[in-house]
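Let me begin by presenting the structure, written as structure tokens, before commenting on it.
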Amino acid sequence: MRRIQLPEPPSPTARRSTPDIFESGVHTFVRRAVVIGNGSAASENQSVGLVRALGLSDKQILYRVTRPKGGINEWLQWLPVSLHKKIDYIVRMIRGYSQLMLKSQAKKLMPLPSENGVSAGLLAVLEADVKQIVSFARETYEKEGPLLVVACGRDTISTASSIKRLASENVFVVQIQHPRLHLNRFDMVITPKHDYYPLTPEGQKQVPRFLQSWITPRDPPDCHVVLTMGALHQIDFTSIRSVAVTWHDEFAHVPRPLLVVNIGGPTRNCRYGVDLAKQLVASLLSVLASCGSVRISFSERTPQKLSNIIVKELGNNPKVYIWDGQGPNLHMGHLAWADAFVVTADSVSMISEACSTGKPVYVLGAERCRWKYTEFHKSLRELGVVRPFTGSEDISESWSYPPLTDTADAAKKVHEALAARGWKLKV
């Protein structure tokens, strides 16, 4: 007869695992996250980065607030999303489009995002619908516990605040980037310090007295506002180590030191043209002797005339590789394998990512920025995190600094705020 092996009785001193429902109650654990996006990779990357830092990256759903595109809609981007959609609806009705077609388009699934070559770990991407999200939050609360809602960008403010208003007992709503008004409509606001530049003495000097009451923010940050140095993102030492292994075959043979150049595009508060492209070319040629290789990437905002100059002047140089945007996105590989970075001053996101690596970061064009961007660059320089790119650098001489940890710091604040409410994350 076959002997039956009975399990050993549990030790009276052993720590026993208690089911969640008996430990604290099912309604105290946050297991799922909803990201409210606006279709902008930079904005959605901030939300996804925070959710990832909280350990919920495999339990998130992305809802996108989308604006109508094409024709007159390109002139209506400044309007609130709800009003913009109403105007678009009227225009479409005049043109003979049916309401049924509009509804079917609004519910259409959108492609899963992959920021900088890294899968966001999303379960689905859907068109943002406040009633649908509120219903989902209430159902999730009854079955699994509260829902974390993370939104970023101007177009998401109305949706996120409405979810908070209609399901305040079931959700914890985090708004990334300053919503300008009515901060009490969110459980937490995460925003860069330079968003409060209008309240500084320097900022006040730049605003005519009769306009000061119209400039936001109007009040200093309170206890539920978390200030960061730069933008949130998905970059930390864990992701860098993982990506370095993934991209080993692509970069292991690249001559060192490797200088990575990330080029954005002019913005309202950081204006430049082909003159900056010519300055960049001249500076890169000056430092080329101290580089093993140079890799250049453009963003979607880079004007064609700027990229054409750079390609024309550097495209045939044997030390220079210019990514043409085809194939897998090399951005994460560049962050992992670069020895130093040059980044144009217009992109807070790209600068923040580079400054999270602890590697030398040189900024080009900071003197062309104005308003709150000047405060951002000034703060980074004072911390010793960045240096201006002048063309006199020796790229083989490395320097370091304490890396920016904005995303991890913000995640810690979310943990603390949830605990104050009697909730905690269940990773």
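Since we're looking at a predicted model, the values are computed, not measured.
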Please tell me if the side chains of [X] and [Y] come closer than 4.5 Å, counting only heavy atoms from C-beta onward.
X: I36; Y: I163; answer: yes
X: D236; Y: R52; answer: yes
X: R368; Y: L276; answer: yes
X: F298; Y: N262; answer: no
X: F251; Y: S293; answer: no
X: Q206; Y: Y197; answer: yes

Residue of the set I310, I296, L364 for which side chain to side chain contact (heavy atoms under 4.5 Å, CB included) holds with L284: I296

Output the distance between atom [atom1] ([X]) and atom [atom2] ([Y]), rounded to the nearest 0.5 Å.
X: M332; Y: S242; atom1: CE; atom2: OG; value: 8.0 Å
X: L54; Y: T407; atom1: CG; atom2: OG1; value: 10.0 Å
X: L148; Y: L50; atom1: CG; atom2: CG; value: 7.0 Å
X: I351; Y: H233; atom1: CD1; atom2: NE2; value: 11.5 Å
X: I395; Y: L259; atom1: CD1; atom2: CG; value: 5.0 Å

Does [Y] offer a backbone N or O that forms a donor-acceptor pair with the side chain of [X] under 3.5 Å?
X: S43; Y: S40; value: no
X: K359; Y: A336; value: yes
X: S168; Y: R165; value: no
X: T228; Y: G230; value: yes
X: S352; Y: V348; value: yes
X: S239; Y: Q234; value: yes
X: Q204; Y: P198; value: yes
X: S161; Y: S158; value: yes

For [X] and [Y], test the side chains for any donor-to-acceptor distance below 3.5 angstrom and give the result as yes or no.
X: Q60; Y: S57; value: no
X: E367; Y: H377; value: no
X: T156; Y: Q175; value: yes
X: S396; Y: D394; value: yes

Atom CH2 of W214 with >12 non-hydrogen neighbours under 6.0 angstrom: no

Pairs meeting criterion ring-ring contact (aromatic ring centres under 6.0 Å, His included) with involvement of residues 158-189, two or more places apart: H178-Y196

Show me the side-chain donor-acceptor pairs of residues 338-347 shorter than 3.5 Å, one per line, residues at least two apart or across chains.
unit_1: D339; atom_1: OD1; unit_2: R256; atom_2: NH2; d: 2.9
unit_1: D339; atom_1: OD2; unit_2: R256; atom_2: NE; d: 2.7
unit_1: D339; atom_1: OD2; unit_2: R256; atom_2: NH2; d: 3.2
unit_1: D339; atom_1: OD2; unit_2: L258; atom_2: N; d: 2.7
unit_1: T344; atom_1: OG1; unit_2: G264; atom_2: N; d: 2.9
unit_1: T344; atom_1: OG1; unit_2: D346; atom_2: OD1; d: 2.7
unit_1: D346; atom_1: OD1; unit_2: Y272; atom_2: OH; d: 2.7
unit_1: D346; atom_1: OD2; unit_2: G265; atom_2: N; d: 3.0
unit_1: D346; atom_1: OD2; unit_2: R301; atom_2: NH1; d: 3.4
unit_1: D346; atom_1: OD2; unit_2: R301; atom_2: NH2; d: 2.5
unit_1: S347; atom_1: OG; unit_2: M350; atom_2: N; d: 3.0

Axial cation check for Y321 ring with R295, 6.0 Å and 45° limits: yes

Parallel, tilted or perpendicular: rings of W423 and Y141 (30°, 60°): tilted

SB check R64 E127 (cutoff 4.0 Å): no

